[in-house]
Protein chains: 2
Amino acid sequence: MKEIQDREQLNHYLRAFQLDSVFHEPLLPHLSLYGFEQGDLICTQGQAPEYLYVLVNGKIKIYTTSSEGKTLVLSFKTPLEVIGDVEYVRGTPILNTVEAVSSVHMIGIQYRWLHKYGKDHAPLLRFLLEIITQKFYIKSNSLSFNLMHPVEVRLASYLLSVTSDESDSRLEGQQSEVSLSDAANFIGTSYRHLNRVIRQFCNKGLVERDKGVIVVKDRNGLSALAGHNIYEHHRGKGGTRL
Amino acid sequence: MKEIQDREQLNHYLRAFQLDSVFHEPLLPHLSLYGFEQGDLICTQGQAPEYLYVLVNGKIKIYTTSSEGKTLVLSFKTPLEVIGDVEYVRGTPILNTVEAVSSVHMIGIQYRWLHKYGKDHAPLLRFLLEIITQKFYIKSNSLSFNLMHPVEVRLASYLLSVTSDESDSRLEGQQSEVSLSDAANFIGTSYRHLNRVIRQFCNKGLVERDKGVIVVKDRNGLSALAGHNIYEHHRGKGGTRL
DNA sequence: GCCAATTCAGGACATATGTCCTTTCCCAAT
DNA sequence: ATTGGGAAAGGACATATGTCCTGAATTGGC
């Protein structure tokens, strides 16, 4: 991590994401812009948090590691997203490890200032509420989805979600930031089993493999399998209520 | 559901849970106390929510039903807890169904008033943040735990969590509010499989069955199996940060 | 271009879990 | 007490998933 001393760019981000009201005058001097490279850890499970981070550029991966060493990827996030919000409110150690999967820009602010100047600032509180309820919503979906559906369905859903926004029938493979084993850990299964299911999909003509890259061939077929249930990136338009 | 016209009791609850600052003067006239009987639905998945409820007495069960008809019990809650908070903030349909598993008292307030008089009221916003981050924390744990551990471990953990607070080696069976099939749905497995695992536990001398009731015999043994991971009721002391 | 080291795909087997169905047991209404 | 219904437990089988290991493929360094 390195601090980016570029007030102009910071302001640019604040404007782009309409954060001016969220971080009001007294907080501004304590905002900093930070850059992370692919693979950098932004924060680590179990440690004492110090900063609230706002992801404004790039892509991050959030995961947890069990005492037995298993890794579970909880989500991939793109802007606008906040890291350390739950820990800030609850005063607990960092819940999950966060890693940059691309070049990343984050706005950081120390808890102390956030607390000192922000604890009564309704727009900030509402912003946190928006973000956290969204996270809750996604995690809630994720929990039910994972517990109620076999890997086959989860993989179909996953493939749809990662290939939808990008180019047409996007590929997805090893050096493309998100590796296959990340995908396995995200779906909550073993790498071995993931391969097994991918092969089934190949046989059904739903996808094709090409040099470790998965190419979606039949989105409709995958949708039928996934049955509505899509891993929601569900970015609500926000603020309908508050 | 029936409204309980007893201002005194309502005030009693507000004091007992220190909600005076949360629901300030302008909100008070719009608070009502409601009673639900065992089995009553407090709200239903998919519907449009209207009230924010605060659970002040009794026990409720939160579950979701998939399109295929499978039920997943997400949690059991006791006071203090809030229902409809996420929906209030996000303006979305009700996420999960909530059912009373005992006689229940809840304080209800319509969203319109909450919004009109509360949207800038920092103590209320902070209260919601506390509650929602706690929910997030629990759900996050639950997700990883379920995805990373076999039913055996989850059951051990579950048994410990439901028998810890109550009497010594508490029983847990059919008419005791929480049925075995509820337990199965909570753990995220089938009733059949739950029975299978219970039998293993019996053989190992960890528990005993007696007329459909499970009696914990060896808490230490269960702890060893669960390995630290307990379904967290994790009620933080709250408010360290905000 | 060749080799070692690493990553990737898949085989073989064991275990975990789900589904369906049968059996047993309890209780309530007669 | 008798009986029918329904809950509770378990048997039998199929499927889903995990673990371990091997062979193939790929890459970087020389």
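Letters A, B, ... are given to chains in the order of the sequence lines, protein chains preceding strands, and every chain is numbered from 1.
Taking side-chain N and O atoms only, B:Thr189 has no distance below 4.0 Å to OP1 or OP2 of C:dA16. Contact check, A:Tyr191 against C:dA9: a side-chain N or O comes under 4.0 Å of OP1 or OP2.
Between B:Phe76 and B:Tyr158, the two ring planes are tilted [angle within 30° to 60°]. By the 30° and 60° cut-offs, the orientation of the rings of B:His149 relative to B:Phe145 is tilted. In this structure, B:Tyr34 and B:Tyr53 have perpendicular ring planes: the angle between them is above 60°, well past the 30° mark.
Separating the CZ atom of B:Arg196 from the P atom of D:dG11 is a distance of 10 Å, rounded to the nearest angstrom. Per the geometry, CG belonging to A:Asp182 stands 13 Å off P belonging to C:dT7, to the nearest Å. The CD atom of A:Gln200 sits 15 Å away from the C1' atom of C:dA9 (whole-angstrom rounding). In this structure, B:Arg192 places its CZ atom 11 Å from C1' of D:dC13, rounding to the nearest Å. For the pair A:Asn195 CG and D:dT19 C1', the interatomic distance rounds to 14 Å; values are reported in whole Å. Residue A:Ile187 contributes atom CD1, which lies 15 Å from atom C1' of D:dG18 at whole-angstrom precision. As a whole-Å value, the separation of B:Phe201 CZ from D:dA9 P is 16 Å. The NE2 atom of B:His149 sits 15 Å away from the P atom of C:dA16 (whole-angstrom rounding).
Among the protein residues, A:Arg209 comes within range of the sugar-phosphate backbone only, with heavy atoms under 4.0 Å from sugar or phosphate atoms but none that close to a base. Within the 4.0 angstrom heavy-atom criterion, only backbone atoms of the sugar-phosphate kind lie near A:Arg199; the bases stay farther away. Nucleic acid contact for A:Ser190: base, since at least one base atom lies under 4.0 Å from a heavy atom of the residue.
Closest approach to the B:His193 side chain among C:dT17, D:dG10, D:dT17 is made by C:dT17 (side chain taken as heavy atoms from C-beta onward). The B:Lys70 side chain lies nearest to C:dT19 when the options are C:dA9, D:dT17, C:dT19.
Taking the side chain as every heavy atom from C-beta outward, B:Phe36 and B:Ile60 never approach each other to under 4.5 Å.
Between B:Cys43 and B:Ile83, the shortest heavy-atom distance links the atoms SG-CG2, 3.9 Å.
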